[in-house]
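First the structure, in the form of structure tokens, and then the observations on it.
All chains are named by letter (A, B, ...) in the order of the sequence lines, taking the proteins before the strands, and each is independently numbered beginning at 1.
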Number of protein chains: 2
Amino acid sequence: MTITIKDIANKAGLSPASVSRILTNRGRFNAETAQKVRDLAESMGYFKNQSAADLSQKESRVIGVLVPSSHTNFADEIIKGMQSKAYELNYELIVAFVESDIQQQIQTVKSLLSRNLLAIAMLAIDIDDTVLAVLLDTNVQLISVSNQLNNKIPSISSNNYDTVHDIVDYLYDNGHRDIALIGSSRPEPIVANLRRQGFINALSEHGITYNPDFIWGVENTYQTGLDAIKHFGVPLPFSAAIGSADIISIGLLNGAKDAQLSIPEDLSIVTIDGTDLTQLTRPILTSTKQNFQLMGQLAITSLAEKKLSPHTIIFTDTTLVLGGTVASPLQRGKEN
Amino acid sequence: MTITIKDIANKAGLSPASVSRILTNRGRFNAETAQKVRDLAESMGYFKNQSAADLSQKESRVIGVLVPSSHTNFADEIIKGMQSKAYELNYELIVAFVESDIQQQIQTVKSLLSRNLLAIAMLAIDIDDTVLAVLLDTNVQLISVSNQLNNKIPSISSNNYDTVHDIVDYLYDNGHRDIALIGSSRPEPIVANLRRQGFINALSEHGITYNPDFIWGVENTYQTGLDAIKHFGVPLPFSAAIGSADIISIGLLNGAKDAQLSIPEDLSIVTIDGTDLTQLTRPILTSTKQNFQLMGQLAITSLAEKKLSPHTIIFTDTTLVLGGTVASPLQRGKEN
DNA sequence: TTGAAAGCGCTACCAT
DNA sequence: ATGGTAGCGCTTTCAA
């Protein structure tokens, strides 16, 4: 036997309508009766039945969040940002993890979609086209966080072009001329493309023709980092490497150690992401830190404002955080 | 304009009741009409309105999952286990992250509770008493995964007593006599207590009176590991340390490196948890790996069966995984 | 096998 | 400021 608004109304000598207004803070009501009702609700152990509310309301305040179940240690930070903002603006988050299995993805998405959502936010997901089709077919707002998809969906992310460009500049200024970019190089994710372009253009602006071999890797995994060292062999043909994700860079660092290389003397590393993982290595990783919390907050506010067009792209800042993985090889006469 | 069951019924020349029965696979219906209805639903782009369904159903198939928002890298694995099982048994998961702020916790719990849940699973959460009170006040099933609470809630976890006991045995067999236990030592979480008891008893069984100073630490954080080394100073008064969580052990390892100690020669480390993090260090951490996926699966199956009593405790197995952080100090004449 | 209709708990509109 | 009430979309008896 659950307590309903009606029960409260009876006990308070009011109508369900009034109780509803009071409990949701909508419309006009007497402050004193309001307090009485709230006390009553509390003491009777009332819980709102959100399903009933959803059913009778047009406007939803629920935002679905799709998170890749594969270990992405920054998803937490984005969610944290989203949650604090959602709490503040009185929105509710429903988080769903998506596996790599497409059928399961569709089922997850459908179960989300069956809940009258205001919007769905996708965190760092390269979503499958068939799943995306399902999503686009509905009228919930969509947003991609920390990843730019095709311009069918608005997105919030770092400026990946600039980020890599800046890293190259930084490495160049430290005397590096032979630089590698390690990580997912599939053409499809726009992010990988932008990074590649930033990489190539920055080198070119410094008068360096990039070596296509130095853009290497398939996935953004630890193994990719480890493999990279084995692939290129010792001595490495480059003096610095950019890791497309912290976990890759840790792979690079461990791979280098396993090959008896010294960091940063034999290999400088700059990593993209800058999560807490960077603090766990020795030396600590030099990184360009993305502002994941801010991404999360902006996701909520912009969804709340409902001014997003499919082409909207919002960039958040990145910060160069110095660790101990960049050396200056100038003295080694590496200049060209 | 959303498509409802009624729309389908009209188009199919049936009643909403029949459509409902077909789409939910309940009750009797004609196989041919069923196929027709399903096709129709598909082509019309029908989405079940779960809120409406929840409202008119007594039995819920939704399980709420409370996850600490603080980075616990094994929560992912538990959730993965839960999700695969939930998918298989046709349950739905709603994940909510809880912050440390109590008010926010209550709000999160309430918003979960307002959704007609079958159960709530708490992952590795030492829940606040006031929040717990709210939870116990309802009639949703509760379960604690990877953490034992007071016996008011059933739980699934590793046998923490045995785990630490086994580690001590292992270290003893490798010649260690002075062993430390680093990590949360607050008396309240039962887990910490069990580990402490396993630690003390195992030592005692080997004829060693434990040194209370060697049980050290307040929180299960990276910093605790780092601080431990500073706290005890060099040379360390013990030859081996047990880290209560991977992140602590990494702290120990880095702290030791920062103090110019060699691992494992100057300090052996065994870590509890055994997540992927253990692979990222050099040397790789020796660990007792918990079976998080299994915990997640068991959580779902046992909730589905509804046979849990508040005192139920389910243990999952742990495995000793050899890394490179344990040495045998026998030759140093450490025997007593 | 199928249909009619009540009702889940809440909100919103229109009155008062 | 408050009340009456229709109705959100679905499930579920009970009857046909």
Distance-only donor-acceptor pairs under 3.5 Å for side chains of residues 128-136 of chain B, two or more places apart:
unit_1   : atom_1 : unit_2   : atom_2 : d
B:Asp128 : OD2    : B:Thr130 : N      : 2.9
B:Asp128 : OD2    : B:Thr130 : OG1    : 2.6

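How far CG of A:Leu113 is from NZ of B:Lys48: 14.0 Å, rounded to the nearest 0.5 Å.
Side chain of A:Asn160 to backbone of A:Ser158: a donor-acceptor contact under 3.5 angstrom is found. Between the side chain of A:Arg61 and the main chain of A:Leu89, a donor-acceptor pair closer than 3.5 Å is present.
A salt bridge links A:Lys85 with A:Glu88: the distance from a Lys NZ or Arg NE/NH1/NH2 to an Asp or Glu carboxylate oxygen falls below 4.0 Å. Ion pairing between a basic and an acidic side chain is recognised when a charged N comes within 4.0 Å of a carboxylate O; A:Lys110 and B:Glu92 show no such pairing.
The footprint of chain A on DNA chain C, defined by a heavy-atom cutoff below 4.0 Å, extends from C:dG9 to C:dA12.
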Side chain to side chain contact (heavy atoms under 4.5 Å, CB included) between B:Tyr91 and B:Val62, worked out: CA-CA 6 Å; B:Tyr91 285 86; B:Val62 181; over 6 Å; no
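Using cut-offs of 30° and 60° on the angle between ring planes, the pair B:Phe74 and B:Phe292 is parallel.
Direction change of the helix axis from one end of the helix from C:dT1-D:dA16 to C:dT16-D:dA1 to the other is 30°, with five pairs defining each end axis (rounded to 10°).
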Contact letters for nucleotides 2-14 of chain D, in which S counts primed atoms plus P, OP1 and OP2 and B counts the base, heavy atoms under 4.0 Å: BBB--BBBBBB--
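Residues passing the side-chain hydrogen bond (donor to acceptor under 3.5 Å, both in side chains) test with A:Asn30: none are found, sequence neighbours excluded. Applying the side-chain contact (heavy atoms from CB on, under 4.5 Å) criterion to A:Ser144, with sequence neighbours excluded, gives A:Asn147, A:Leu149, A:Ile153, A:Ser155.
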